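Beneath this line is the structure, given in structure tokens, with notes to follow.
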There are 4 protein chains.
Amino acid sequence: MSSQKSMALPDAAVAPKRQRGRDRVEAILATASDLFSEKGFDAVTMTEIAQRSSTAIGSLYRFFPTKEVLAGVLLQRYGSHVTDGLDAIVAGAGTASARDIAASLVGLVRDLQTERSVVLPLIDVQNDGIALRQALRDAMRERLEKILARGRTTPPADGSTRAIVLLHLLKMAWALALAAPSLRDALEREVEGLIASYLG
Amino acid sequence: MSSQKSMALPDAAVAPKRQRGRDRVEAILATASDLFSEKGFDAVTMTEIAQRSSTAIGSLYRFFPTKEVLAGVLLQRYGSHVTDGLDAIVAGAGTASARDIAASLVGLVRDLQTERSVVLPLIDVQNDGIALRQALRDAMRERLEKILARGRTTPPADGSTRAIVLLHLLKMAWALALAAPSLRDALEREVEGLIASYLG
Amino acid sequence: MSSQKSMALPDAAVAPKRQRGRDRVEAILATASDLFSEKGFDAVTMTEIAQRSSTAIGSLYRFFPTKEVLAGVLLQRYGSHVTDGLDAIVAGAGTASARDIAASLVGLVRDLQTERSVVLPLIDVQNDGIALRQALRDAMRERLEKILARGRTTPPADGSTRAIVLLHLLKMAWALALAAPSLRDALEREVEGLIASYLG
Amino acid sequence: MSSQKSMALPDAAVAPKRQRGRDRVEAILATASDLFSEKGFDAVTMTEIAQRSSTAIGSLYRFFPTKEVLAGVLLQRYGSHVTDGLDAIVAGAGTASARDIAASLVGLVRDLQTERSVVLPLIDVQNDGIALRQALRDAMRERLEKILARGRTTPPADGSTRAIVLLHLLKMAWALALAAPSLRDALEREVEGLIASYLG
DNA sequence: AATGAATGAGCGTTCATTCAT
DNA sequence: TATGAATGAACGCTCATTCAT
């Protein structure tokens, strides 16, 4: 593969060294984030990303040598948004009610969307390479388990199963927020209640 | 598209008139169902469907003039599985407990999977044309609303919102059952509880 | 790689099942053979092969899923031309003079060119995969060693080194024949003499 | 091509006027020479040359407006290495034996390789423009003819044909030296003998 | 009616070269 | 002058769909 050409060039994003390039990169990331969020990883084309961000295809590839890498960078960049957000919720989980925690979780999802943190939609794209996705998934699961185990002396045996379900609930919250702008708030409230009851 | 040629010829599947053709069609549908279920609509190739069902590509297109139509036929054919299943649940909903209904819903999803009824994974493939998807979505929503409104004299104002959430919960059940064979049962139980609490 | 799509589809040439396809394949192989011979493997594009053989690019790829495979098929198809030719020369080598053998070798190269057997130009294209090239190289080396050892009871210690040189002489004969049509015959005679002296 | 812009600006390398620039140019030439020698003209990218010589791509193009020109400069610069070397051999050819001359020729090839004089690999890159290649080829041919004609009052009629073959033998010597480090010396000795016999 | 060959737009990606700071 | 960003034609390849036998 890429090693044929040059072992020295890592299959990683190239950092721009000038302001112009940094702007480009931001524009690309924002566009890609939106598109991935709208249509999913596979359905988005590099050409589309280039066009929507007014970037020449060659420039896009200068900074992001593959579509995979582009997704990886988004994951890397926004990964901490999720984990930090979850950490904060974990921190307050001891004293908070199920309702409060649910509100925080849904609020987190809403914030992620405002910040274009596409983590949730990209997290289980199946692509070879890059252990990042798994790492992020694990990191989220770990926090969610803690949230589920809050206040208990012994964590429940089915903690990991429940964390998976909870993760899916967060993805559901994301999807619902995107789908129907008019119903958005009502749906959000519903999911919040749902999550609260799951945490209870 | 195909409308370019002739408005008169509908983009619909051609019904085979002989036994041989009927078998072919069955094989194709079964294969397509499996593949769509495994990898999603977009990731499946017509060639792949042809090969896995030992059908010549030309024959495949004879019966199903586009990939869209193929999905549509699956939706149409298996749509009634879902609606019928939901109808049955609606019928018993008056006297059943939330737990029972939840069990029935999850059981329905499980059954759909064994019958290769790909309805859930295909229901929101975004493709132009074909109002079928919307119709099916509406049909499901309607039943789910009834389930949510069971036993009440006036249906709750937020019934439609709640039905959307419930529909997503069913999709979630489908996804979880596919994802982790080892955890399958445990996850199923979790979702069941979740749904029960949402119905309660 | 290709395994992502389907393990069942081997990365090998697909055999056409109809006459039309068989003709296509012949046309493609002939064109590819000419082009590889003229400009070398790397410099030839699949588009070029398609155009020169009046084949749609999709059709080209139907029969030859990669450029590599196309070269491989040529090697496979024409490989025996070389080895058979060399075998014949080996068979007569016991009684023949160095001059005669040289004449035969150069004649073989000429024949290969008339038959468009691109073996010589393709034999050391460096591509991952496909042990065919190595096998062919070994097969040729083996025959050439026998030719060099003809009439001797014990093969010379440097037989393999000399075989390499002899192989390069054959490649040289090929190149010279292509390069200068006007000098072709004279050059051929020269190389023949050169090879004869190397065999002496 | 570049001629599209301005006929006035020759497609020639720009000579740097400061020490820093001269060093840059040296680094570029050395790197390019190595790469061309390793992988051949076509397989080497300008970006690669820039990176391996720690030069910005823009700077590379400042000194060498096209890849062609870069090869041309190498040819020009190292052309004299070959011709001078051949001249020296021509000078001594009158009294030297075929063996000695062969040894000198092979020695010259070896020296060229240590000096990174990529002349031989680049000499018949087929690119439009630049008569330099032809000139160099002619210059070499001329010297080789003299070597072949040494000691004779009338040059043989087939002198030019033989010179072509001899030139190919030198290229062969170059290729063999690169190919198999372990066999290098043995192969060199073989070619030397071969050339000697061709000169005899 | 059944089959497999033909088609071509489009995809992800590369690379020589030019532009702007 | 030096640098790195910008450009876009071209490449190898895929795939939904149509054609011809």
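Computed from a prediction, not measured in an experiment: that's the story for all the values here. Chain identifiers are assigned alphabetically (A, B, ...) following the order of the sequence lines, protein sequences preceding nucleic acid strands; residue numbering begins at 1 within each chain.
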With sequence neighbours excluded, what pairs up with [X] under the salt bridge (charged side-chain N to carboxylate O under 4.0 Å, His left out) test?
X: B:Arg52; value: B:Glu38
X: C:Arg20; value: none
X: B:Arg116; value: B:Asp34

Only pairs under 3.5 Å count here: list side-chain donor-acceptor contacts from residues 39-50 of chain A, not counting sequence neighbours, and write none if there are none.
from    : atom 1 : to      : atom 2 : distance (Å)
A:Lys39 : NZ     : A:Glu48 : OE1    : 3.4
A:Lys39 : NZ     : A:Glu48 : OE2    : 2.5
A:Thr45 : OG1    : A:Glu48 : N      : 2.9
A:Glu48 : OE1    : A:Thr45 : N      : 3.2

Side-chain N or O of [X] closer than 4.0 Å to phosphate OP1/OP2 of [N]:
X: A:Arg62; N: F:dA5; answer: yes
X: B:Ser59; N: E:dT3; answer: yes
X: A:Tyr61; N: E:dT13; answer: yes
X: A:Arg24; N: F:dA6; answer: yes

Using atom types as modelled and distance alone, determine if a side-chain donor or acceptor of C:Arg24 lies under 3.5 Å from a backbone N or O of C:Ser54.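 Here the side-chain-to-backbone pair exists.
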Whole Å only: how far is the [atom1] atom of [X] from the [atom2] atom of [N]?
X: C:Glu68; N: F:dC13; atom1: CD; atom2: C1'; value: 14 Å
X: A:Phe64; N: E:dT14; atom1: CZ; atom2: C1'; value: 18 Å
X: A:Phe63; N: F:dG4; atom1: CZ; atom2: C1'; value: 8 Å
X: C:Lys67; N: F:dC13; atom1: NZ; atom2: P; value: 8 Å
X: C:Leu60; N: F:dC15; atom1: CG; atom2: P; value: 16 Å
X: A:Gln51; N: E:dG12; atom1: CD; atom2: C1'; value: 14 Å
X: A:Lys17; N: F:dA2; atom1: NZ; atom2: P; value: 17 Å

Between [atom1] of [X] and [atom2] of [Y], what distance do you get to the nearest 0.5 Å?
X: A:Leu75; Y: A:Leu132; atom1: CG; atom2: CG; answer: 5.0 Å
X: A:Tyr78; Y: A:Ser33; atom1: OH; atom2: OG; answer: 5.0 Å
X: C:Phe63; Y: C:Leu29; atom1: CZ; atom2: CG; answer: 10.5 Å
X: A:Ile28; Y: A:Leu74; atom1: CD1; atom2: CG; answer: 10.5 Å

Using the side-chain heavy atoms of C:Ile57, tell me which of these nucleotides is nearest: E:dG4, E:dA5, F:dC13.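 Taking heavy atoms from C-beta onward, the closest nucleotide is F:dC13.
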Which residue lies toward the 5' end of DNA chain F, A:Arg22 or C:Arg18, if each is placed at its nearest nucleotide?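 By nearest-heavy-atom nucleotide position, the 5'-most residue is A:Arg22.
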Is there a residue in residues 40-49 of chain C whose heavy atoms reach under 4.0 Å of DNA chain E, and which residues are they?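 Per residue number, the list is empty: none.
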For DNA chain F, the expected dot-bracket line (Watson-Crick or G-U under 3.5 Å, [ ] crossing, | inter-strand) is .||||||||||||||||||||
Between C:Gly58 and D:Gly58, just flag the one whose closest nucleotide in DNA chain E comes earlier from the 5' side.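 Nearest nucleotide further toward 5': that of C:Gly58.
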